[in-house]
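Order of the sequence lines fixes the chain letters, A, B, ..., with proteins taken first and strands second; residue numbering starts at 1 for each chain.
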There are 2 protein chains.
Amino acid sequence: MPRAASSHAAMVPAASPWDGVAERLRSNGLRWTPQRRTLVDVLREHEGHVTATELIARCRERDQTTTPSTVYRTLDVLEDFGLVRHGHGPDGREEYHVLPDQVHGHLYCVACGATWEIRPETGAAIVDALAADLGFDVDLSHVTISGRCQTCCRE
Amino acid sequence: MPRAASSHAAMVPAASPWDGVAERLRSNGLRWTPQRRTLVDVLREHEGHVTATELIARCRERDQTTTPSTVYRTLDVLEDFGLVRHGHGPDGREEYHVLPDQVHGHLYCVACGATWEIRPETGAAIVDALAADLGFDVDLSHVTISGRCQTCCRE
DNA sequence: TACACTAGCGCAACGACTTGCAATAGCGCT
DNA sequence: AGCGCTATTGCAAGTCGTTGCGCTAGTGTA
């Protein structure tokens, strides 16, 4: 959807959810700093999953002075805005899902180390099962379930 | 204490899965050390869930010289023997399930902080759903799923 | 454009967990 | 009971993530 910001703004590249971040922050009394800009630039190219450590490394590529604490704190802020979502990988380390268009859980194969996303329908089945059991309202996005993938099971 | 060390030992308390640990270790070329004894003694009284940090603290109560690295390493060994099982809590920290008589997953309420075990039947439903989806063989024991419990949902 | 207000930054220290390594001490064997 | 082999230990150093704090620098306002 072209989403014309004015009568003649037809050349906008395809609105990215990141485009309005600065304004969104400011309108909430927060600030748009160089450090946040760096992180957002990195996130732009990482739609998918990334570990916090990797994000820090990538930020440092662009700005040597990047500090871990700042990155973690900015990620917290972005999470409040729904732009990223964090969970814990099988080893307990932080993992971020960039732009969670759709909440989904993850599977991790302990044998080959690969990860998969749980399909929405399957995720729904899990959510339903737990809702029926204890009336629990699951937040799938925060979880990585481990086990063995089909391929590794065969071996 | 009655427990006669007589020729006929009929007063043994009821065989605990821990009773044979020393022998099991030795017969596998491993060793039964004072440090391991301390940890096992602690575990004996903790059937259920414990964090690694708490275990270390309890060990230190009994033996001031307890070192974290030793405890972690011993837990790894015990896990190989199936006596404990570790997973990661919602904050990514290690949690140990002592004597997992039955593999089960956990639920954590982000609102009130309580945790529940997932009932076997419900767990089975989850395992089945993922098996059907990707042929994935889930290891439920390693997971804590977060969300909101029934009570907190109502509020 | 200058100013004050305060969000955010970088630092330093801390807690949880891991790992390499040299010294110690269980265990089986004689 | 003594001996040697090597599993374990304890330490030190390292990684990942968090937190308290004083100083810096975005922002809205005048």
Side-chain angles (χ1 to χ4, degrees), chain A residues 20-42 49-60 62-81 83-96 142 144, chain B residues 20-40 42 49-60 62-81 84-96 142 144:
Chain A
V21 201
E23 291 66 33
R24 286 183 70 187
L25 288 175
R26 276 194 282 259
S27 65
N28 278 66
L30 305 182
R31 292 168 191 177
W32 185 238
T33 67
Q35 294 83 345
R36 291 183 172 180
R37 190 172 161 29
T38 304
L39 177 56
V40 167
D41 282 348
V42 168
H49 313 135
V50 220
T51 62
T53 311
E54 187 172 345
L55 286 175
I56 293 172
R58 296 246 189 257
C59 283
R60 214 178 309 250
R62 303 181 175 232
D63 173 5
Q64 284 210 336
T65 72
T66 301
T67 308
S69 55
T70 299
V71 175
Y72 283 109
R73 281 190 279 229
T74 299
L75 284 168
D76 283 349
V77 172
L78 295 177
E79 188 157 15
D80 286 342
F81 281 81
L83 293 164
V84 300
R85 195 124 195 168
H86 90 283
H88 297 278
D91 56 354
R93 293 193 185 160
E94 304 232 317
E95 251 176 23
Y96 283 86
H142 199 86
T144 296
Chain B
V21 202
E23 289 66 34
R24 286 183 69 189
L25 288 174
R26 276 194 281 260
S27 65
N28 277 68
L30 304 182
R31 291 168 191 175
W32 185 239
T33 67
Q35 294 83 345
R36 290 182 174 178
R37 190 170 159 36
T38 303
L39 177 55
V40 166
V42 168
H49 313 135
V50 219
T51 62
T53 310
E54 186 172 347
L55 286 175
I56 294 172
R58 298 245 189 258
C59 282
R60 208 169 325 240
R62 303 180 173 232
D63 174 6
Q64 283 211 337
T65 72
T66 301
T67 307
S69 56
T70 298
V71 174
Y72 283 109
R73 280 190 283 228
T74 299
L75 284 167
D76 284 349
V77 172
L78 295 177
E79 188 155 15
D80 287 343
F81 282 81
V84 300
R85 195 125 196 170
H86 90 283
H88 295 279
D91 57 353
R93 292 191 186 162
E94 305 228 318
E95 250 176 24
Y96 284 85
H142 198 87
T144 296

### Query
Rounded to the Å, how far apart are L75(A) CG and dG8(C) P?
14 Å

### Task
Take nucleotides 17-30 of chain D nucleotide by nucleotide from the 5' end and write B, S or -, depending on whether a protein heavy atom sits under 4.0 Å from the base, only from the sugar-phosphate, or from neither.
SBBBB---BBS---

### Query
In whole Å, what is the span from the NE2 atom of H88(A) to the C1' atom of dC17(C)?
15 Å

### Task
Sequence neighbours left out, what passes side chain to side chain donor-acceptor pair (under 3.5 Å) with T51(A)? Give chain and number order.
none

### Task
Find the distance L39(A):CG to dG8(C):C1' and express it as a whole number of Å.
14 Å

### Rounded interatomic separation in angstrom, taking CG from D91(B) and C1' from dC17(C)
13 Å

### Summary
To the nearest angstrom, the CG-C1' distance between N28(A) and dT6(C) comes to 16 Å

### Query
So do R36(A) and L30(A) actually touch side chain to side chain, heavy atoms under 4.5 Å?
yes

#### Entry: Side-chain heavy-atom pair L78(B), V21(B) within 4.5 angstrom cut-off
yes

### Message
Can you measure L25(A) atom CG to dT6(C) atom C1' for me and round it to whole angstrom units?
### Response
16 Å

### Message
Is there a side-chain contact between H88(A) and R93(A) in this structure, where contact means two heavy atoms from C-beta onward sitting under 4.5 Å apart?
### Response
no

### Task
Kindly give the heavy-atom pair with the smallest separation between T66(B) and D63(B), and that separation in Å.
OG1-O, 2.7 Å

### Query
Does the side chain of Q35(B) get closer than 4.0 angstrom to OP1 or OP2 of dA25(C) through an N or O atom?
no

### Summary
Rounded to whole Å, CZ of R37(B) lies from P of dC27(C) at a distance of 12 Å

### Task
Would you mind reporting whether T70(A) and T33(A) have side-chain heavy atoms less than 4.5 Å apart?
no

### Query
Between D80(A) (CG) and dA7(C) (P), how many Å, whole number?
14 Å

### Message
I need the single residue from R60(A), R58(A), R62(A) that forms a side chain to side chain contact (heavy atoms under 4.5 Å, CB included) with T38(A). Which is it?
### Response
R62(A)

### Query
Which pair of non-hydrogen atoms, one from R24(B) and one from F81(B), has the smallest distance, and what is that distance?
NH2-O, 3.4 Å

## Note on the structure
With five pairs defining each end axis, the helix from dT1(C)-dA30(D) to dT30(C)-dA1(D) comes out bent, to 10°, by 20°

### Task
Check whether any side-chain heavy atom of D76(B) lies under 4.5 Å from a side-chain heavy atom of D80(B), and answer yes or no.
no

